[in-house]
Amino acid sequence: MKWTQSLIPTLREAPADAEIPSHQLLLRAGLIRKLAGGVYTFLPLGLRSLRKIERIIREEMDRAGALEVAMPALQPPEIWEASGRAQTAGDVLFKLKDSSGRQWFLSPTAEEVITTLAANEINSYRQLPKNFYQISVKFRDEIRPRFGLMRAKEFIMKDAYSFDTTDESAMASYQKMFDAHKRIFARCGLQSFPVEADTGVIGGSHSHEFMIPAATGENEVAYCEACGYAANIEKATSGIPKTAAREIGAAIEKFPTPGVVTIEALAKEPYKVAANRQIKTLVYIADSKAILILVRGDDQLNETKLMARTGAVAARPATADECFATLGAKPGSLGAVANVPADVKVFADERLRGANDMTTGANEDGFHLKNVSIERDIKVTQWFDLRTVSAGEPCVKCAKPLKIRRAIEVGHVFKLGTKYSEKLNATFLDADGARKPSVMGCYGIGVTRTLQAIVEQSNDKDGIIWPLAVAPYTVCITPLGVAPGSPAMTLAEKIYTELTARGVDVILDDRDDRPGVKFKDADLVGFPLRISIGEKSLAKGEVELKPRNAPLQAIKAEDAVEAVMKLVGA
RNA sequence: CGGGGCGUAGCGUAGCUUGGUAGCGCGCUUGCUUGGGGUGCAAGAGGUCGUGAGUUCAAAUCUCACCGCCCCGACCA
């Protein structure tokens, strides 16, 4: 490709609405343009990288035995009603009507479609296991599109779905996909790491996310450098000890705390009740019903755990009015010792089990209770792990201190079990003559997000640094004069032709611009290799080979093609 | 949806407080110049100041509504 024949609209300055480096660079290097919030056009350069990522994905999925299919983006609501997700995932669904008034959903994912297919086409254990995948545009009515391609309303996703006869076989399919994902990200030049994850609205029992460490990531990951434990903060647990039991305290005592509505205030003079000796009482509205949650004063509730443990589909903190209606007091004086209505469930964090000598709200504004023993004085409906781990807590596996860092989620593998196959009748006749539901798994990669994650992970002050495998062009040839027939241009075209013939992606910067402009643009776009051809070095029979991430080296003009071939490993 | 901020040329921005001629840098066009890290000079083109209403002799500027965009939170590949 000749530069002047492509469209590479580089920008000196980043558009004001781009916040993070990768988003700015994708815009500045002329790879993408925004059409609307969360909706982007891929320009020629951006599309080339995208296609290379897709190709890697296809190769690895095929290698893992998955079968490529193409499912419709337009999906009938009935299958979503059947799976139950019309309600649970309703908020992200783009809904539209055709001219006859019939409703359709735009596909945010395809469990329902593939399970329907399996229900119709798979009848025998002899046909299993099977794994289907596709790479296609997905639509999600994201509450808040963000950071360019990172969270978009329309994006490209690879989604794969496995069907197995048994749990053990399903775990093997899961492991295959887990390994394939790992290889895909490695081949894209990404440093990824898998973490244990919550299963969310997709459901299922077992799940890992593939994370790319990045300060701008939307996820927090707790990990242990000693033993390798790693989990999304939404899922992570730690080996932190339970609250120490003390000598049996005296009877409960109510004491006035006028104006005290925070843990911190109660921890200060004149009360001096340490946060770890307080019980924090939270009122949540879970699926329209009030529930109470108890965590230690110095702990934070983990809402994802709350939803996962209680099975709630939607949960939010109660408003002050709702708290008052439930317990007769406002936030700041809430407690679970007295005045808890019989139909309000009380969920307590495991760390509080056995705790005594605790202080909590009295359900009377301006009063707290002390000498509370949680098992004696509070009717706990159920105990769960509900707290959020923090850095420095002992690892659950090896007790070394955990660390926490931010990361970008680029892939997610789930073991689904029979949730969908049962609801959508994806059953098969087993060797024993029994009809059984297939055991499923699903495996996603955010392809457009992966593209941006690569840029986020690999850039410097001058621009993008593309890994070889996913660069829009591998080599940029930069003649410093472009007059037709000039020595530099003639050699540039010769090298261009030879490299192209040998299967290397080359772009020839034939713009009649000053060298500085061309160098800056080549760095900004981030081509892995640049060959500069100018009169000075040409006088010595040399050209310059400049890897994007390594020092420049002068080489004999006639060695240029071989030198490139060696570096691209072809 | 709750909270915060912003909409002026392709990009970045000044002007708005205190109403009166829309300005700058980059980019673009033309000519000359320069020619190994965003060359210099000159001449140009490009704007219904997000949209609508209101106040006023007069609105980019003040008021209201709407739309769009960005950031923090809930969502997630």
Side-chain angles (χ1 to χ4, degrees), chain A residues 9-20 23-24 27-28 30 33-39 57 88-93 108-110 135-160 181 197-202 209-212 216-219 232 234 303-304 307 314-317 319 408-414 442-453 462 478-483 486 488 512-524 530 532-539 543-544 546 552 554:
Chain A
T10 56
L11 260 23
R12 279 203 185 196
E13 286 171 295
D17 56 12
E19 189 93 345
I20 66 172
H23 187 198
Q24 294 179 344
L27 289 164
R28 285 191 50 207
R33 285 294 182 264
K34 181 170 73 178
L35 179 62
V39 179
I57 293 173
T88 55
D91 289 349
V92 299
L93 283 168
T109 171
I135 298 175
S136 65
V137 177
K138 301 295 190 294
F139 301 88
R140 288 189 192 173
D141 192 1
E142 288 290 345
I143 316 165
R144 180 147 98 84
R146 219 193 313 214
F147 299 152
L149 306 177
M150 284 297 183
R151 177 172 301 286
K153 283 178 181 279
E154 183 183 322
F155 60 99
I156 296 174
M157 183 169 91
K158 184 277 314 187
D159 43 327
H181 280 213
D198 181 66
T199 50
V201 296
I202 292 192
E209 290 165 333
F210 285 83
M211 294 291 189
I212 309 301
T216 56
E218 293 187 81
N219 298 271
N232 192 310
E234 296 173 342
E303 289 192 12
T304 307
M307 313 257 294
R316 60 167 176 84
T319 63
I408 300 164
E409 178 193 351
V410 288
H412 201 159
V413 293
F414 295 85
C442 75
Y443 318 95
I445 291 178
V447 182
T448 37
R449 180 184 285 179
T450 298
L451 173 82
Q452 185 164 341
D462 293 316
T478 308
L480 301 187
V482 295
S486 66
D512 185 13
D513 264 308
R514 295 178 57 84
V517 174
K518 298 166 85 159
F519 293 151
K520 286 284 184 192
D521 271 350
D523 287 348
L524 176 60
R530 190 186 73 215
S532 308
I533 305 171
E535 286 182 15
K536 284 182 192 168
S537 44
L538 209 47
V543 298
E544 281 149 22
K546 171 71 178 75
L552 180 151

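Letters A, B, ... are given to chains in the order of the sequence lines, protein chains preceding strands, and every chain is numbered from 1. Computed from heavy atoms alone, side chains included, the values below leave out hydrogens, waters and symmetry copies. All values reported here derive from a predicted model rather than from experimental measurement.
When heavy atoms are screened at a 4.0 angstrom cut-off, K34(A) is found touching the sugar-phosphate backbone but no base atom. Within the 4.0 angstrom heavy-atom criterion, base atoms lie near E535(A). Contact annotation for E209(A): no contact, since no heavy-atom pair falls under 4.0 Å across all strands. Within the nucleic acid shown, D159(A) has no heavy atom closer than 4.0 Å to any nucleic acid atom. Nucleic acid contact for R530(A): base, since at least one base atom lies under 4.0 Å from a heavy atom of the residue. Nucleic acid contact for R316(A): none, since no nucleic acid atom lies under 4.0 Å from a heavy atom of the residue. When heavy atoms are screened at a 4.0 angstrom cut-off, A152(A) is found touching base atoms of the nucleic acid. Within 4.0 Å (heavy atoms only), T450(A) reaches no atom of the nucleic acid at all. Residue contacts shown for A14(A) are limited to sugar-phosphate atoms, with no base heavy atom under 4.0 Å away. Within the 4.0 angstrom heavy-atom criterion, base atoms lie near D523(A). Here V92(A) lies in heavy-atom contact (under 4.0 Å) with sugar-phosphate atoms only. Within 4.0 Å of G516(A), counting heavy atoms only, lie sugar-phosphate atoms of the nucleic acid but no base atom. In this structure, D141(A) reaches neither bases nor backbone, as no heavy-atom distance under 4.0 Å exists between it and the strands shown. Contact annotation for F147(A): backbone-only contact, meaning every heavy-atom pair under 4.0 Å involves sugar-phosphate atoms and none involves a base.
Side-chain N/O atoms of R140(A) include none lying less than 4.0 angstrom from OP1 or OP2 on C76(B). Taking 4.0 angstrom as the limit, K518(A) places none of its side-chain polar atoms (N or O) nearer than this to OP1 or OP2 of G35(B). Residue R144(A) has a polar side-chain atom (N or O) positioned under 4.0 Å from OP1 or OP2 of C71(B). Put simply, R146(A) has a side-chain N or O that comes within less than 4.0 Å of OP1 or OP2 on C72(B).
Comparing C26(B), G35(B), C75(B) against the side chain of E218(A) picks out C75(B) as the nearest. For I143(A), the listed nucleotide lying nearest its side chain is C75(B); candidates were G37(B), C76(B), C75(B). In the set C76(B), G38(B), U34(B), the nucleotide with an atom closest to the side chain of D521(A) is G38(B). When distances are taken from the side chain of H412(A) to each of A77(B), G12(B), G38(B), the shortest belongs to A77(B). When distances are taken from the side chain of M157(A) to each of U39(B), A77(B), C76(B), the shortest belongs to A77(B). The side chain of P15(A) lies closest to G12(B), out of G12(B), C72(B), A77(B).
For the pair I445(A) CD1 and A77(B) P, the interatomic distance rounds to 12 Å; values are reported in whole Å. When rounded to the nearest whole Å, the span between CZ of R151(A) and P of A77(B) equals 9 Å. We find that CZ of R514(A) is positioned 17 Å from C1' of G27(B), with the value rounded to whole Å. E409(A) places its CD atom 12 Å from the P atom of C75(B), with the value rounded to the nearest Å. Whole-Å rounding puts the Q24(A) CD to C69(B) P distance at 19 Å. E142(A) has its CD atom 5 Å from the C1' atom of C76(B), to the nearest Å.
As rounded to the nearest Å, C16(B) and A22(B) have P atoms that lie 16 Å from one another. When the C1' atom is compared between U34(B) and C71(B), the two are found 44 Å apart, to the nearest whole Å. With C1' as the reference atom, G35(B) and C49(B) are 40 Å apart, rounded to whole Å. The same atom, P, is picked in C70(B) and in G31(B); the two are 40 Å apart, to the nearest Å. Atom name P, nucleotides G52(B) and U61(B): the rounded distance is 13 Å, in whole Å.
Residue D91(A) qualifies as open at atom CG: its count of foreign heavy atoms under 6.0 Å is 12 or below. Within 6.0 Å of CD on E218(A) lie more than 12 heavy atoms contributed by other residues, nucleotides or ligands.
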Give me, pair by pair, the N or O atoms of the protein and of nucleotides 5-8 of chain B that are less than 3.5 Å apart, along with how far apart they are.
none

Atom pairs, N/O to N/O, protein against nucleotides 43-45 of chain B, distance under 3.5 Å?
none

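For G38(B), its base never sits under 3.5 Å from the side chain of D513(A) at any donor and acceptor pair.
Under the 4.5 Å side-chain criterion, counting only non-hydrogen atoms from C-beta, P9(A) is in contact with R33(A). Contact of the Q452(A) side chain with the I408(A) side chain is not registered, since no non-hydrogen atoms from C-beta on lie closer than 4.5 Å. Between T10(A) and R28(A), the closest side-chain pair of non-hydrogen atoms is not below 4.5 Å. The side-chain heavy atoms of H412(A) and N232(A), taken from C-beta on, include no pair separated by under 4.5 Å.
Stacking annotation: F519(A) is not stacked on the base of G38(B) (requires ring centroids less than 5.5 angstrom apart and an interplanar angle below 30 degrees).
In the model, T304(A) has no side-chain atom that pairs as donor or acceptor with a side-chain atom of D198(A) under 3.5 Å.
The aromatic rings of H181(A) and F210(A) are tilted relative to each other, their planes meeting at an angle between 30° and 60°.
Stretches of at least 3 consecutive Watson-Crick or G-U wobble pairs, with each checked distance under 3.5 Å, appear in RNA chain B as B:1-7 with B:67-73, B:10-13 with B:23-26, B:28-32 with B:40-44, B:50-54 with B:62-66.
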